[in-house]
Participant: 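This is the structure I want to talk about, given as C-alpha cells.
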Amino acid sequence: MDTSSWDGSLSKTEFDLSVRSFAEKWKRSNPDYPPWFWVSCPKKPWIPSRDVEGHFTLERIRVHESSEEDRDRVSKSGEEETTCCGKEDAIDYATLVQSSHDVHYYDLHVVYSALYWVPVLYFRVYGNDG
C-alpha cells in the first residue's frame, strides 16, 4: 500500500485481517484479560454471500480503582504513567469516581463501517451497580 496516497480507509478484507491480527497480539500480550471474540450478525439479503457480517467484542474487562495509598504514592513520587504508545501522560485521578471498593467494567466493540470504510469503536463503562 502506498502510504503517500492513503486516505485512512480500509477495505473489509483489510479490516478483517487487522482485527484478527490485533486479537492474536492481544491474547499473547494480555493473558490475564479475556480474549477478543468475533460475534456474527444475521445475514442481510443485500450483502454478498462471501462477506461475513459481525464485529469483534471484548466484554467485562474489570478494572479496580486504585486505592488512596496508591494515588498518594504516585503523586508523591512524581512518576508518570506510560501509555500504550510509549508516550508519558500525567495521571489524572480527578476523573475517577472516588470510592474505595469501586470496580469498573468495560465492554468494547469494534465494528466495520461500510459507509466510511473505517473501523469504529463502541464502548460502555459501568460499575458494580450497573
Side-chain angles (χ1 to χ4, degrees):
M1 176 183 292
D2 180 16
T3 58
S4 64
S5 63
W6 185 54
D7 63 359
S9 63
L10 296 173
S11 70
K12 178 72 169 127
T13 303
E14 291 169 326
F15 169 77
D16 289 341
L17 291 171
S18 297
V19 293
R20 290 178 195 284
S21 174
F22 173 78
E24 285 301 314
K25 288 177 184 176
W26 173 270
K27 192 185 323 183
R28 286 191 308 268
S29 303
N30 301 295
D32 296 335
Y33 286 113
W36 284 86
F37 60 93
W38 179 259
V39 177
S40 294
C41 296
K43 287 297 256 179
K44 296 177 180 76
W46 60 86
I47 297 185
S49 62
R50 66 182 175 1
D51 290 343
V52 177
E53 287 300 304
H55 63 275
F56 267 90
T57 299
L58 179 65
E59 294 182 338
R60 296 200 48 89
I61 294 291
R62 184 166 53 177
V63 177
H64 293 274
E65 183 177 324
S66 60
S67 69
E68 205 168 306
E69 293 172 358
D70 291 340
R71 286 192 296 271
D72 289 342
R73 181 184 52 78
V74 171
S75 63
K76 287 177 186 173
S77 69
E79 294 177 11
E80 293 183 316
E81 179 179 342
T82 302
T83 65
C84 64
C85 302
K87 298 177 182 174
E88 296 198 4
D89 294 331
I91 297 174
D92 181 7
Y93 290 107
T95 59
L96 296 176
V97 176
Q98 299 300 318
S99 172
S100 60
H101 295 54
D102 215 4
V103 176
H104 298 101
Y105 296 94
Y106 295 81
D107 292 346
L108 307 169
H109 306 276
V110 179
V111 179
Y112 180 72
S113 169
L115 179 61
Y116 295 107
W117 291 21
V118 295
V120 179
L121 173 67
Y122 293 98
F123 65 94
R124 180 174 68 143
V125 180
Y126 52 97
N128 289 336
D129 58 357

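Position 1 is the first residue of the sequence, and the numbers go up from there.
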Participant: For atom CH2 of Trp117, decide whether the heavy atoms of other residues, nucleotides or ligands shown that lie under 6.0 angstrom number more than 12.
Facilitator: no
Participant: When hydrophobic residues are tied together by side-chain contacts of less than 4.5 Å, even through go-betweens, does Trp26 share a cluster with Leu121?
Facilitator: yes
Participant: Just jot down the side chain to side chain donor-acceptor pair (under 3.5 Å) partners of Tyr33, sequence neighbours excluded, or say none.
Facilitator: none
Participant: For the residue pair Pro34 and Glu59, what are the closest heavy atoms and their distance?
Facilitator: CG-O, 3.9 Å
Participant: Mind checking side-chain contact (heavy atoms from CB on, under 4.5 Å) for Ser18 and listing every partner two or more places apart, or none if nothing turns up?
Facilitator: none
Participant: Is there a path of hydrophobic side-chain contacts, each under 4.5 Å between heavy atoms, that joins Val19 and Ile61?
Facilitator: yes
Participant: For Leu10 versus Pro119, what's the shortest heavy-atom pair and its separation?
Facilitator: CD1-CD, 3.9 Å
Participant: Sequence neighbours excluded, which residues qualify as ring pair (Phe, Tyr, Trp, His ring centres under 6.0 Å) partners of Phe123?
Facilitator: none
Participant: Can you run down the salt bridge (charged side-chain N to carboxylate O under 4.0 Å, His left out) pairs that involve residues 119-130, sequence neighbours left out, and say none if there aren't any?
Facilitator: Asp107-Arg124
Participant: Taking only residues two or more places apart in sequence or in another chain, which ones pass side chain to side chain donor-acceptor pair (under 3.5 Å) with Ser29?
Facilitator: none
Participant: Checking Arg28 now: which residues fulfil side chain to side chain donor-acceptor pair (under 3.5 Å) with it, not counting sequence neighbours?
Facilitator: none
Participant: Ignoring hydrogens and geometry, is there a side-chain-to-backbone donor-acceptor pair from Tyr106 to Val63 under 3.5 Å?
Facilitator: no
Participant: List for me each residue that meets side-chain contact (heavy atoms from CB on, under 4.5 Å) alongside Pro35, sequence neighbours excluded, and say none if there are none.
Facilitator: none
Participant: Tell me the closest heavy-atom pair linking Val118 and Gly8, and the distance in Å.
Facilitator: CG1-O, 4.0 Å
Participant: By side chain to side chain donor-acceptor pair (under 3.5 Å), which residues pair with Asn30, not counting sequence neighbours?
Facilitator: none
Participant: Surrounding CZ of Arg62 (heavy atoms of other residues, nucleotides or ligands, distance under 6.0 Å), is the total greater than 12?
Facilitator: no
Participant: With Phe22, which residues qualify under ring pair (Phe, Tyr, Trp, His ring centres under 6.0 Å), at least two apart?
Facilitator: Trp36
Participant: Taking ring pair (Phe, Tyr, Trp, His ring centres under 6.0 Å) as the test, write out the residues that go with Phe37, two or more places apart.
Facilitator: none
Participant: I want to check something: taking the side chain as every heavy atom from C-beta on, are Val110 and Phe15 in contact at a cut-off of under 4.5 Å?
Facilitator: yes
Participant: Which residues pass the salt bridge (Lys or Arg N to Asp or Glu O under 4.0 Å) test with Glu24, not counting sequence neighbours?
Facilitator: Lys27
Participant: How far does NE2 of His55 sit from CG of Leu108, to the nearest 0.5 angstrom?
Facilitator: 11.0 Å
Participant: Go through the structure and list residues passing ring pair (Phe, Tyr, Trp, His ring centres under 6.0 Å) with Tyr122, not counting sequence neighbours.
Facilitator: none
